[in-house]
Amino acid sequence: MWWAARCRDDRHMHRLPAVYTAALAASSDQAVAEQVAERVMLAAPRDDVTLAERAVLLALRAAPHRAFVPMRAEEREAVALARLTGASTGRIATLLGISQEEVRTRMRSGLRALINGGGGPRTRPPRRDSASEASPGRGGRAS
């Protein structure tokens, strides 16, 4: 009956690609993603369904992806859990030990920081009739 024990051990190995992918998306550092995926998979109880969510949190804390850098740490966690694992506000609230309203607040402010690039006001694109769209062959004049 060695195969029964092996099947029991490999039961959640089909989740490894999702765990690794979530960690890589959260950190963009392959070495961090591999370490996080291994750590999460080895520590997970057999019936654990939060593997990808744990991987995202660990990877964000170790080396956040540049897309998440403009956000504060608590905003990163809420946004990344929603975007990378598809977790609902209720699920995120449970994972982080906060209220659903706080999750929504963190997500709003995190996405605002992302839109603003983490800094000053966002610059508007040039108007369609401005000289910036003029052909270089026309000496910078619009036709």
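All of these numbers come straight from a predicted model, not from anything done at the bench.
- Checked by atom type and distance alone, the side chain of Ser28 never pairs as donor or acceptor with a backbone atom of Leu24 at under 3.5 Å.
- Listed by chain and residue number, nothing satisfies the side-chain hydrogen bond (donor to acceptor under 3.5 Å, both in side chains) test with Arg76 (two or more places apart in sequence, or in another chain).
- Within the model, atoms CG of Leu81 and CZ of Arg54 stand 12.5 Å from one another, a figure rounded to the nearest 0.5 Å.
- Taking the side chain as every heavy atom from C-beta outward, Ile98 and Arg106 approach each other to under 4.5 Å.
- Interatomic distance, Ser109 OG to Asn116 CG, rounded to the nearest 0.5 Å: 11.5 Å.
- Side-chain contact check for Glu34 versus Gln30: some heavy-atom pair is nearer than 4.5 Å.
- Test Arg104, Glu101, Glu102 against Thr89 for side-chain contact (heavy atoms from CB on, under 4.5 Å) and you get one pass: Arg104.
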Only pairs under 3.5 Å count here: list side-chain donor-acceptor contacts from residues 55-72, not counting sequence neighbours, and write none if there are none.
unit_1 : atom_1 : unit_2 : atom_2 : d
Arg61  : NE     : Glu77  : OE2    : 2.8
Arg61  : NH2    : Glu77  : OE2    : 2.9
His65  : ND1    : Ala67  : N      : 2.9
Arg72  : NE     : Glu74  : OE2    : 2.8
Arg72  : NH1    : Glu75  : OE2    : 3.2
Arg72  : NH2    : Glu74  : OE2    : 3.1

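- Across all their heavy atoms, Val36 and Ala23 have their closest contact at CG1-CB, 3.9 Å.
- Linking ILVMFWY residues whenever their side-chain heavy atoms come closer than 4.5 Å, directly or via other members, places Val32 and Leu51 in the same cluster.
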Next item on the list: Walk me through it: do Leu84 and Thr21 pass the test side-chain contact (heavy atoms from CB on, under 4.5 Å)?
Entry: CA-CA 9 Å; Leu84 301 177; Thr21 303; over 6 Å; no
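- In the hydrophobic clustering of this structure, Tyr20 does not group with Met41; members are Ile, Leu, Val, Met, Phe, Trp, Tyr whose side-chain heavy atoms approach within less than 4.5 Å, directly or through other members.
- Within 6.0 Å of atom CD in Glu38, 12 or fewer heavy atoms from other residues, nucleotides or ligands are found, so the atom counts as exposed in its surroundings.
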